[in-house]
Amino acid sequence: MDPEMDSQLKIGFIGAGNMAFGIAKGILSGNVLPVNVKVGAPSSRNLGRFQELGISVTHSNVEVVGSSDVVFVAVKPHLVPQVLSEVSQHVTDRHVIVSVAAGVTLATLEELLPENSVAIRLMPNLPCVVQEGALLFARGSHAKQEDGALLRSLLHRCGLVEEGPEAWIDIHTGLSGSGVAFVYLFAEALAEGAVKMGMPSALAHSIASQTVLGAGRLLRDSGKHPAQLRSEVCTPGGTTIYGLHTLEQGGVRASTISAVESATERARELGRKSAAGSRK
Amino acid sequence: MSVGFIGAGQLAHALVKGFTAAGVITAHRITASSPDTDLPTVSGLRKMGVSLTTSNKETVNKSDVLFLAVKPHIIPFVLDEIGPDIEDRHLIVSCAAGVTISSIEKKLLQYRTAPKVMRCMTNTPVVVKEGATVYATGTHAEVEDGKLLEQLMASVGYCTEVEEDLIDAVTGLSGSGPAYAFTALDALADGGVKMGLPRRLAVRLGAQALLGAAKMLLDSEQHPGQLKDNVCSPGGATIHALHVLESGGFRSLLINAVEASCIRTRELQSLADQERISPAAIKKTTLDKVLQQPGVTVSGVANGNGRSGLSLFNNRGSGIKKKN
């Protein structure tokens, strides 16, 4: 993307929570200038850390929209209708509205915004806060390819950014939104295994987390299939193959598949509920 | 070069069928011996043009490469019987699961100073020239002997040399492997039939699917996990089916099976190594027929513990004597 264009771009955030902060950090490590970023929240509680980055803050959502080209709506899902009705009349065709609210569909967003508004639905995940997020976005009916490309270039330092049809967003939630928690569960269990075998807990946890991190980096950066990497670790008759056998006997693969499935189905269900709710 | 088979059962039949189809040796240069001439494999061998005899000695005398294709617990009897007839030219290849090279060499050293012994583990698909064979080389076997065996076995499939201590694992994997595949294929066909396919078609398609998949894997640089992914379109039929397999512990069952077969092979070996086996463990008809051979007798041997039984590997002197 054109760095000059980026540096003139004005970005706004409605909501000052962790997700907004993570995305803001990622955006600033690109070409966007802090002076061109504004964050709005009802209380000053969360605004301090934004101010430390040189970002302007306000209590007015309307002001955020007025001074921005791209607006991230980063409030809790149940607050989205209220926020959008508040700012709707100030949204013009130059705006790109990006919602990060779980379960709020593009249809709902477009209903709450003026006709022909450019809306994009974005599902980030927690590690955005350390610039290692996995983000999937879906374009609304009036969002063009260039709008998607703009978002991609803004977010690329937040982590992995991909586009897909809206139907994939719930799957992404199950895989990567919730998936982060599945990894934490696994890391905890790894550490407990070590504790059982006699290692002190603090050390076990620290090693477990580094193991997950290291394995993750190797997986992402090697470009190899995880099955390939797994095979490479397994020396014949060695410790790893014994451990893996035990995992297989425990049906870890099947329960992991099922976990992603349940989380995805729940995301779909919540999406349906919230759509029904906002239609009342 | 002539090839002989002590034993004329499934293994001998499969190997002969493969060798002759591959053209690596003609049937009239092959001799096979068995006490039981009623075996269906015996007539099968005869039809292929192999010389059949009930005399193991005759097989030995007519062969250069001698395959021991009898059940593991028969091996010691056979070795005692043919020991005196082994010459320097002979290459003894044991195909018996769990029987170590050292146990065979120990037996034959009573008769010759440098018996050439090799141990191989093959599998039944040699019959269609798609066998999986590994071999280990004994103390007195030369490099050329290994090459000769490899040439023979490579004509009927894949063949490679390994360290002897891996052979039990090979038994668990590719030795027993065809049985796992047959079981899977039977069940896959059942699945097809359940969903409406005629049985014959179901069997054909199932077998072709496994054959094709195996061929793809052998021809590919890719990991089987990657090849699996290539078949699974998002939200499609295959990934749903795979989840079912995973939920049933498919992978761990297969790992367990290979492990069980390998462990059992080791158990059989250690039973033999203990050098004691009760006569009841030996199929009566086979033993009787072996005993009917000229020059073969059995003696019961009582050891220091007061146990009696047939001693398999401990006999000194000339063969085993019949107990009166």
Side-chain angles (χ1 to χ4, degrees), chain A residues 136 138 162-176 179 182 186 215 218-220 222-265 267-268, chain B residues 121 132 134 136 160-174 180 213 216-218 220-263 265-266:
Chain A
L136 186 72
E162 297 283 4
E163 180 178 353
E166 191 173 15
W168 293 1
I169 295 216
D170 292 325
I171 306 172
H172 177 74
T173 307
L175 165 61
S176 177
F182 307 159
F186 191 68
L218 203 45
L219 176 59
R220 180 191 61 190
S222 71
K224 293 183 186 175
H225 194 281
Q228 177 67 47
L229 287 168
R230 172 177 49 86
S231 296
E232 284 168 12
V233 186
C234 290
T235 41
T239 64
T240 310
I241 191 69
Y242 270 71
L244 277 176
H245 188 190
T246 310
L247 277 177
E248 295 285 9
Q249 284 168 320
V252 168
R253 285 181 189 258
S255 30
T256 307
I257 296 172
S258 298
V260 173
E261 192 174 344
S262 331
T264 302
E265 310 246 278
R268 286 175 184 160
Chain B
M121 169 52 54
V134 302
T160 190
E161 184 175 7
V162 295
E163 293 298 314
E164 191 181 5
D165 60 0
L166 296 183
I167 294 197
D168 295 331
V170 172
T171 309
L173 173 57
S174 57
Y180 314 153
M216 275 179 76
L217 179 57
L218 289 172
S220 166
E221 302 275 297
Q222 294 184 307
H223 193 283
Q226 178 65 64
L227 291 170
K228 160 184 62 77
D229 284 358
N230 295 346
V231 185
C232 290
S233 39
T238 309
I239 188 70
H240 271 72
L242 275 182
H243 190 189
V244 169
L245 283 178
E246 295 288 2
S247 302
F250 187 57
R251 288 177 188 257
S252 74
L253 275 182
L254 290 171
I255 298 173
N256 293 347
V258 173
E259 188 175 38
S261 173
C262 176
I263 289 176
T265 304
R266 289 179 187 151

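Remember, predicted model here, so these are calculated numbers, not experimental data. All values below were derived from every heavy atom in this structure, side-chain atoms included, with hydrogens, water molecules and symmetry-related copies excluded.
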(message) So A:E261 and B:H243, do their side chains get closer than 4.5 Å, heavy atoms only?
(response)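 Yes, their side chains come closer than 4.5 Å.
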(message) Does any part of the side chain of A:Q228, heavy atoms only, come nearer than 4.5 Å to the side chain of B:Q226, both counted from C-beta?
(response)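 A side-chain contact under 4.5 Å is absent here.
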(request) Over all heavy atoms of both residues, which pair between B:G225 and A:A227 is shortest? Give the atoms and the distance, please. (result)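 Looking at all heavy atoms of both residues, the shortest contact is CA-CB, 4.0 Å.
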(request) Against chain B, work out which of A:S255, A:S231, A:A254, A:G250 has the most heavy-atom pairs shorter than 4.5 Å and name it. (result)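 Looking at each of A:S255, A:S231, A:A254, A:G250 in turn, A:A254 comes out on top.
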(message) Working to the nearest 0.5 angstrom, can you tell me the gap between B:N256 CG and A:Q249 CD?
(response)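 Going from CG on B:N256 over to CD on A:Q249, the span is 4.5 Å.
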(message) Rounded to the nearest 0.5 Å, what separates atom CG in B:L227 from atom NE2 in A:H225?
(response)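 B:L227 atom CG to A:H225 atom NE2 measures 9.0 Å (nearest 0.5 Å).
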(message) Counting only non-hydrogen atoms closer than 4.5 Å, does B:D229 touch chain A with its backbone (N, CA, C, O), its side chain (CB onward), both, or neither?
(response)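 Answer is side chain: those atoms of B:D229 sit under 4.5 Å from chain A.
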(request) Return yes if a side-chain donor-acceptor contact under 3.5 Å exists between B:S252 and A:H245, otherwise no. (result)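 Absent: no donor and acceptor within the cut-off.
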(request) Heavy atoms only, distances under 4.5 angstrom: which of B:Q222, B:E259, B:E246 has the most pairs with chain A? Name it, please. (result)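 Of the options given, most contacts go to B:E246.
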(message) Just checking B:F250: does its CZ atom have more than 12 heavy atoms from other residues, nucleotides or ligands closer to it than 6.0 angstrom?
(response)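 It does not: B:F250 CZ has 12 such atoms or fewer within range.
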(request) Please state whether the side chain, the backbone, both or neither of A:S258 comes within less than 4.5 Å of a heavy atom of chain B. (result)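 Answer is both: backbone and side chain atoms of A:S258 are under 4.5 Å from chain B.
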